[in-house]
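A quick write-up on the structure given underneath.
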Amino acid sequence: MFLRLFLYNIKRQLRTKELMFWNLCFPIILGTLFVVTLGGSMEKAENFHTVSVAYVAEGENDSVFSSLLETLEEEENPLLKVTETNMEEGKQLLEKEEVKGVFVDKDGELQLYVKQEGISQSILKLVLDQYQQRKEAIYQIGSVYPENLPTVISSMETEITMIREEKYTDGSMDTMNGYFYALIAMNCLYGCFGGVNCAVDNKANLSALAVRRNIASLSRFLSMTVDILSALAEQFLFTMFSVFYLKYILGVNFGSHMLPLMLVALVGSFIGTATGFFIGSFGGMRQETKIGISVAVTMSECFLSGLMVGNMYHIIQEICPILNKLNPASLIVDALYSLDIYSDYTRFGQNLGILCVIAALLCTGSYLMVRRERYASI
């Protein structure tokens, strides 16, 4: 009987058009829009790229500076890509944004022209400022202490690296991934729709199906268990379909931790279903009203996790960190972040543990409310 009821519930929910749209189609549509508008933002704006610059020499140029530009261009990971040209063409390149700036060397006097401010322009200014500062230092020392000049030049030629690069994680460091993590959280929590249906199907004052179940003397515990498990299984499949679509079709980098990610989807779908089941079990309101309440609760949780405002999770963490520990959407997002950031699963396990406790409490409360209901007439 358990398997027959389970399969029957799966088929019945798959035929519900509203459920199919919001739980399957809408997250895919929203994820596609996210990729179109946000995809690769960190790669474009934050990752370092070689800076294109034009170099214009008029009259007697500073040969040391031109040698410096050649050196910076010939490194293994070149800092600059230099285009030697004249002033008129250099301005055209700058106007078309084919270069980030123009170095002008007129009779040894160096100037930098830029069209706008940005990281690349700051790098060009830093190169020019450091060169001029060292050049001025050499002139002053040479005029006062010429005997120390060889030592000073030697020390300037020796590059001292004070920063060591270390890789702490193999995961994606793209800050835009927070939106996709919140999208997965929303997809999981949309299991509330199935959860509301589960509760309504066991309340004889709201559903004809529940009336038939009560007349048939079907065990309420068995009925609710089958309903919840079928809704959970369906929501888990919907969520994983969205994850695979984002990862393998749209190319969103979720790292290589697929099994833990699947576990997040499973636990997230569980708490989404449990939330809907709890709201659906409370009171005698119509099914549409209960679904509206579920949407309001779910979207509020998703807002606080960063679905609409990317840094909202961090703002809440600073103002009221306990809220992030009670918000299922924030817990799902933090669990996904921990897979990328931390080498162990301590924080990941803590987040999933809290989610399971909240879901268990919601399911217990829902069962107690529905189990005690009696009907004078059906």
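Residue numbers start at 1 and run along the sequence shown.
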Residue pair [X] / [Y]: nearest heavy atoms and the distance that separates them:
| X | Y | answer |
| --- | --- | --- |
| Leu206 | Gly284 | CD2-O, 3.7 Å |
| Ser294 | Val196 | OG-CG2, 3.2 Å |
| Tyr113 | Leu94 | O-CD2, 3.9 Å |
| Ile332 | Gly268 | CD1-CA, 3.8 Å |
| Ser269 | Thr239 | OG-OG1, 3.6 Å |
| Gly59 | Asp107 | CA-OD1, 3.2 Å |

Would you say [X]'s side chain and [Y]'s backbone share a donor-acceptor pair under 3.5 angstrom?
| X | Y | value |
| --- | --- | --- |
| Asn9 | Ala231 | no |
| Lys290 | Gly280 | yes |
| Ser305 | Ser330 | no |
| Glu73 | Val82 | yes |
| Ser207 | Lys203 | no |
| Asp105 | Phe65 | no |
| Thr16 | Glu18 | no |
| Thr289 | Met285 | no |
| Asn187 | Asn23 | yes |

TODO: Kindly indicate whether the side chain of Ile279, heavy atoms from C-beta on, has any atom under 4.5 Å from the side chain of Cys192.
DONE: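 Contact flag for Ile279/Cys192 side chains = no.
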
[atom1] of [X] to [atom2] of [Y]: how many Å apart, nearest 0.5 Å?
| X | Y | atom1 | atom2 | result |
| --- | --- | --- | --- | --- |
| Thr225 | Leu5 | OG1 | CG | 11.0 Å |
| Leu7 | Arg12 | CG | CZ | 13.0 Å |
| Ser122 | Lys100 | OG | NZ | 12.0 Å |
| Leu79 | Leu124 | CG | CG | 8.0 Å |
| Leu326 | Ile354 | CG | CD1 | 8.0 Å |

Above 12 or not: heavy atoms from other molecules or residues under 6.0 Å from [atom1] of [X]?
| X | atom1 | result |
| --- | --- | --- |
| Lys106 | NZ | no |
| Gln116 | CD | yes |
| Phe6 | CZ | yes |
| Phe282 | CZ | no |
| Leu259 | CG | no |

Would you say the side-chain atoms of [X] and [Y] include a donor-acceptor pair closer than 3.5 Å?
| X | Y | value |
| --- | --- | --- |
| Ser338 | Tyr345 | no |
| Asn351 | Tyr337 | no |
| Asp227 | Asn202 | yes |
| Gln13 | Asn197 | no |
| Tyr181 | Asp334 | no |

- [ ] Identify the residue among Gln130, Gln132, Lys125 that makes a side chain to side chain contact (heavy atoms under 4.5 Å, CB included) with Leu128.
- [x]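 Going through the options one by one, the only one that passes is Gln132.
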
Any link between [X] and [Y] through a network of hydrophobic side chains (Ile, Leu, Val, Met, Phe, Trp, Tyr) touching at under 4.5 Å?
| X | Y | answer |
| --- | --- | --- |
| Leu336 | Leu304 | yes |
| Ile123 | Val102 | no |
| Phe270 | Leu261 | yes |
| Leu126 | Leu69 | no |
| Val297 | Tyr190 | no |

Open item on the list: Glu95 vs Lys115, test: salt bridge (Lys or Arg N to Asp or Glu O under 4.0 Å). Steps then yes/no.
Closed with: CA-CA 7 Å; Glu95 189 65 28; Lys115 182 180 179 180; 3.8 Å; yes

Task: SB check Asp129 Arg134 (cutoff 4.0 Å) - done: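 Looking at Asp129 and Arg134, the cut-off is not met.
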
TODO: Just jot down the side chain to side chain donor-acceptor pair (under 3.5 Å) partners of Glu89, sequence neighbours excluded, or say none.
DONE: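 Side chain to side chain donor-acceptor pair (under 3.5 Å) list for Glu89, sorted by chain: Thr85.
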
TODO: Would you check if the distance from the ring center of Tyr367 to the ring center of Phe221 is below 6.0 Å?
DONE: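 Between Tyr367 and Phe221, the centre distance is under 6.0 Å.
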
Task: For Glu288, side chain to side chain contact (heavy atoms under 4.5 Å, CB included) partners two or more places apart - done: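 Testing Glu288 for side chain to side chain contact (heavy atoms under 4.5 Å, CB included), a comparison that skips the adjacent residues, returns Arg286.
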
Open item on the list: Applying side-chain contact (heavy atoms from CB on, under 4.5 Å) to Ile184 and Ser242, what does each step give before you reach the verdict?
Closed with: CA-CA 8 Å; Ile184 293 175; Ser242 299; over 6 Å; no

TODO: Let me see the working for Leu266 and Leu232 under side-chain contact (heavy atoms from CB on, under 4.5 Å), right down to the final yes or no.
DONE: CA-CA 8 Å; Leu266 178 62; Leu232 170 59; 4.3 Å; yes

